[in-house]
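As the structure is a computational prediction, the values presented were derived from the model and not from experiment. Proteins come first, then strands; the chains are lettered A, B, ... in the order of their sequence lines, and each starts at number 1.
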2 protein chains.
Amino acid sequence: MSVQLKDALETLKDSGVRITPQRHAILEYLIQTMTHPTADDIFKALEGKFPNMSVATVYNNLRVFREAGLVKELTYGDSSSRFDFVTSDHYHVICEECGKIVDFHYPGLDEVEALASHVTGFKVSHHRMETYGTCPDCAKQPKH
Amino acid sequence: MSVQLKDALETLKDSGVRITPQRHAILEYLIQTMTHPTADDIFKALEGKFPNMSVATVYNNLRVFREAGLVKELTYGDSSSRFDFVTSDHYHVICEECGKIVDFHYPGLDEVEALASHVTGFKVSHHRMETYGTCPDCAKQPKH
DNA sequence: ACACTATTTATAACAATTATAAAATAATAT
DNA sequence: ATATTATTTTATAATTGTTATAAATAGTGT
């Protein structure tokens, strides 16, 4: 079992959340995958192991994880939310052709937050940033 | 009529889009408002003028405007998309209490794009960034 | 074992958005 | 101007992601 999973389970237990087999499996899947899956991706990936699991369970538990700070919800325009196990500060590049999401590290944009706060009078707590473009694979292929 | 509206209509005409009364009104409303409205906001705002207008018309035309580069769609997690008439490079602060959105100017984050591209091999074309916090009004009021 | 609470399941409801087809409107050519 | 054609609007239904509900199940503390 990975350290990340162990820590995550610990965090949940400490906040009084029960570790059910479904929760264990969803967390494990989130940690091991690199694909920033949708709720439905997770549901599909686990239906072999849990033939009777409901989609609601996936959504419920993703919310539980989000509230515990273990998981981030990424919301993009048209389609459904994607979920990202929180590791350390990183941002995303998103391929507009195929939807692939890749992480990259960059120092937090504290300066922008400070300016925003100064100019607007808001108390700024956090921000969101993504870059968009074309991934190497799609750059090779002819469009669509 | 504002210069912005005139320019927008010009842009549409040039790309072969007909200027219907509904389109004129939607554009006008988008330019004049400061509120980054949802499709439904627009629909409601114009139903006095166009009692028979369909919601689909609003959505259709917002897509037309978006494809013409006149309007930006802002997508946040839970609720519905908001639409922003494209003026010049600016970012948004969003109040997490009341949903208010306020603009602020900041030089484009070209450096981040460059690094993302360099690290991941993506061809990066643009980015998205917002800051979140509490607006002055909500900071005064007790929560909820 | 028993009562109590949390969780899962199954299903229905919901809300935002999109697709469809008919009617209306605007542009174009005659 | 009129007829023709293409576009747009309208009204409605369908779709999709997500959430709410209630019953069934499993875990926890006494």
Does Ser81(A) have a side-chain nitrogen or oxygen under 4.0 Å from the phosphate oxygens OP1 or OP2 of dT18(D)?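 Checking Ser81(A) against dT18(D): at least one side-chain N or O falls below 4.0 Å of OP1 or OP2.
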Does Gln22(B) have a side-chain nitrogen or oxygen under 4.0 Å from the phosphate oxygens OP1 or OP2 of dT10(D)?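 Checking dT10(D) against Gln22(B), a side-chain N or O does come within under 4.0 Å of OP1 or OP2.
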Quick one: bend of the helix from dA1(C)-dT30(D) to dT30(C)-dA1(D) from 5 pairs per end, to 10°?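 Between the first-five-pair axis and the last-five-pair axis there is 30°.
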Ile19(A) and Leu70(A): same hydrophobic cluster, using ILVMFWY side-chain contacts below 4.5 Å? yes
Sorted by number, the residues of residues 44-53 of chain B with heavy-atom contact under 4.0 Å to DNA chain D: Asn52(B), Met53(B)
Classify the nucleic acid contact of Thr57(B) as base, sugar-phosphate or nothing, counting any heavy atom under 4.0 Å across all strands shown.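 Base, at least one base heavy atom under 4.0 Å.
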Classify Asp40(A) by what it touches in the nucleic acid, base, sugar-phosphate, or nothing, heavy-atom distance under 4.0 Å.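 The residue Asp40(A) makes no contact with any strand.
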Scan for ring pair (Phe, Tyr, Trp, His ring centres under 6.0 Å) pairs involving residues 9-45 of chain A, sequence neighbours excluded, and state none if there are none. His36(A)-His92(A)
All N/O contacts under 3.5 Å from nucleotides 13-16 of chain D to the protein, with atom names and distances to one decimal?
none

If a pair satisfies side chain to side chain donor-acceptor pair (under 3.5 Å) and one of its residues is in residues 4-20 of chain B, list it, with sequence neighbours excluded. none
Please report the distance, rounded to the nearest Å, between CZ in Phe43(B) and C1' in dA15(C).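 My rounded result for the distance is 15 Å.
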Separation of dT20(C) P from Tyr59(B) OH (nearest whole Å): 18 Å
Qualifying residues under ring-ring contact (aromatic ring centres under 6.0 Å, His included), relative to Tyr132(A), sequence neighbours excluded: His126(B)
